[in-house]
Amino acid sequence: MVSVDVTMSLGDLLIEDPRRSRVLEGLGLDYCCNGHRPLSEAVSEASLDLTAVAKALDLPDPPPAQDTAMPAQNAALAHDIVDTHHAYMWAEMPRLQALVDKVAGVHGDRHPELLEVQATYTKAVAALDPHMSTEERVVFPAITKMEKSQALERSLADDILELRAEHDAVGELLKSIRSLTADFAVPADACASYKMMLSGLEEMERDLHEHIHKENNVLFPRVLELEAQLGGR
């Protein structure tokens with residue numbers, strides 16, 4: 001008997017068991033930017049079989065406690081996001097940019113889609129740089145201060161709304177890259193650099209999904225809830 005509640009949101013299903021991210025990734029279900037949608041709705045929009053999807057998400061055995069534990073404090077979760085995901089992105093973005101530029105230059109004549117991949121990736125990096133900087137220098141410190149002082153100096157609702165919109169925009173750019181590369185398929189004439197580029201792009205997309213999930217579905221709702229408790233809007 002399948003025990004997955006199909007009325008739960010994708011984000012909550014993932015919070016309950018993070019191992020489900022691989023299943024959702026494989027099915028092409030967006031659990032980060034659209035993690036607020038109920039499973040039944042997301043499956044219907046994707047024209048998938050709800051029973052089969054629920055069964056796939058009903059993973060055997062509970063995950064180890066350390067795999068499900070999110071930091072209980074907002075400041076600790078923000079710190080974890082910076083140390084885990086931002087650190088990865090800051091290191092990976094320039095390395096992958098160099099690969100994308102190299103592969104587009106060498107293989108662009110035979111694979112013109114690579115020029116679109118290059119332009120789209122460059123645009124994604126240009127968006128992520130100020131986005132993560134704003135989180136690290138402005139929003140996350142304000143979250144920490146609010147939690148520590150239990151006082152509301154200013155609402156973060158507008159900042160969170162803007163960050164979520166930026167998540168949506170970057171998510172769409174990475175989705176475009178997936179489409180341009182036919183789900184990161186390796187062409188017959190691909191060299192080692194070409195393969196490394198595709199692997200890197202796929203891994204970046206996967207990490208970004210987990211990154212955005214932690215912010216959109218966990219951290220930001222917690223912050224807005226705390227604001228409401230402290231008398232915010």
Side-chain angles (χ1 to χ4, degrees), residues 1-89 91-92 96 164 167-168 170-172 174-175 177-179 181-186 195-225:
M1 180 178 178
V2 176
S3 61
V4 171
D5 182 353
V6 300
T7 67
M8 287 179 68
S9 70
L10 298 180
D12 285 343
L13 285 167
L14 191 54
I15 292 170
E16 188 176 79
D17 189 341
R19 298 176 301 168
R20 290 171 173 157
S21 64
R22 299 300 187 190
V23 178
L24 296 173
E25 292 276 2
L27 294 169
L29 295 175
D30 177 8
Y31 61 82
C32 52
C33 295
N34 289 300
H36 60 281
R37 293 182 303 166
L39 175 65
S40 56
E41 179 184 318
V43 167
S44 176
E45 289 181 5
S47 299
L48 298 172
D49 181 83
L50 182 58
T51 301
V53 172
K55 185 176 181 181
L57 290 169
D58 190 17
L59 301 174
D61 305 318
Q66 66 267 23
D67 290 345
T68 58
M70 280 277 189
Q73 301 299 314
N74 296 336
L77 179 53
H79 187 74
D80 172 72
I81 289 168
V82 171
D83 283 354
T84 303
H85 300 288
H86 285 204
Y88 163 78
M89 292 299 292
E92 185 66 1
L96 199 47
R164 280 177 162 160
H167 287 165
D168 290 345
V170 171
E172 286 301 315
L174 271 290
K175 189 182 296 183
I177 291 175
R178 173 176 282 276
S179 177
T181 59
D183 292 333
F184 308 108
V186 178
K195 293 175 184 177
M196 287 173 59
M197 178 199 75
L198 291 170
S199 176
L201 288 169
E202 185 170 21
E203 178 58 33
M204 178 174 284
E205 182 193 56
R206 184 180 299 115
D207 184 84
L208 189 67
H209 286 171
E210 295 176 2
H211 176 176
I212 293 175
H213 159 68
K214 288 181 181 179
E215 293 183 3
N216 277 12
N217 301 325
V218 186
L219 179 61
F220 293 162
R222 282 187 189 175
V223 171
L224 295 176
E225 182 179 357

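All values below were derived from every heavy atom in this structure, side-chain atoms included, with hydrogens, water molecules and symmetry-related copies excluded.
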Check against side-chain contact (heavy atoms from CB on, under 4.5 Å), Leu77 and Arg222: CA-CA 10 Å; Leu77 179 53; Arg222 282 187 189 175; 3.9 Å; yes
Ignoring hydrogens and angles, write down the donor-acceptor pairs under 3.5 Å from the side chains of residues 35-46, residues two or more places apart or on other chains.
residue, atom, partner, partner atom, Å
Arg37, NE, Asn34, O, 3.4
Arg37, NH1, Glu45, OE1, 2.7

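- Residues satisfying the side chain to side chain donor-acceptor pair (under 3.5 Å) test with Lys195, not counting sequence neighbours, are none.
- His209 has its side chain out of reach of Leu24: every pair of non-hydrogen atoms, C-beta onward, lies at least 4.5 Å apart.
- Scanning for side chain to side chain donor-acceptor pair (under 3.5 Å) contacts around Asp83 gives His79, with sequence neighbours left out.
- Here the closest non-hydrogen pair linking Asp168 and Cys33 is OD1-CB, 3.2 Å.
- When all heavy atoms are compared, the tightest approach of Leu198 to Ala185 is CD1-O, 3.3 Å.
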Report, one line per pair, each donor and acceptor closer than 3.5 Å where one atom sits in a side chain of residues 212-219; sequence neighbours left out.
residue, atom, partner, partner atom, Å
His213, ND1, Asn217, ND2, 2.9
Lys214, NZ, Asp80, OD2, 3.2
Lys214, NZ, His85, NE2, 3.1
Glu215, OE1, His167, NE2, 2.8
Glu215, OE2, His211, NE2, 3.0
Asn216, OD1, His167, ND1, 2.8
Asn217, ND2, Tyr31, O, 2.9

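- In this structure, the side chain to side chain donor-acceptor pair (under 3.5 Å) partners of Glu205, at least two apart in sequence or on a different chain, are Arg178.
- Glu203 meets the side chain to side chain donor-acceptor pair (under 3.5 Å) test with Arg206; sequence neighbours excluded.
- Side chain of Asp30 to main chain of Cys32: a donor-acceptor pair is present (N/O by atom type, distance under 3.5 Å, no hydrogens or angles).
- By the side-chain contact (heavy atoms from CB on, under 4.5 Å) test, Ala87 pairs with no residue at all, sequence neighbours left out.
- In this structure Ala52 satisfies the side-chain contact (heavy atoms from CB on, under 4.5 Å) test together with Asp49, sequence neighbours excluded.
- Here the side chains of Val53 and Val23 are not in contact, with every heavy-atom distance at 4.5 Å or above.
- Taking CE of Met197 as the start and OG1 of Thr181 as the end, the distance is 7.0 Å to the nearest 0.5 Å.
- Every residue two or more places apart in sequence or in another chain that forms a salt bridge (Lys or Arg N to Asp or Glu O under 4.0 Å) with Glu172 is listed here: Lys175.
- Looking only at side-chain heavy atoms (C-beta outward), Arg20 and Val4 come within less than 4.5 Å of each other.
- Taking the side-chain contact (heavy atoms from CB on, under 4.5 Å) definition, one finds that Met8 meets it with Asp5, Asp12, Leu13, Glu16, sequence neighbours left out.
- Distance OG/Ser21 to CG/Leu57: 10.5 Å, rounded to 0.5 Å.
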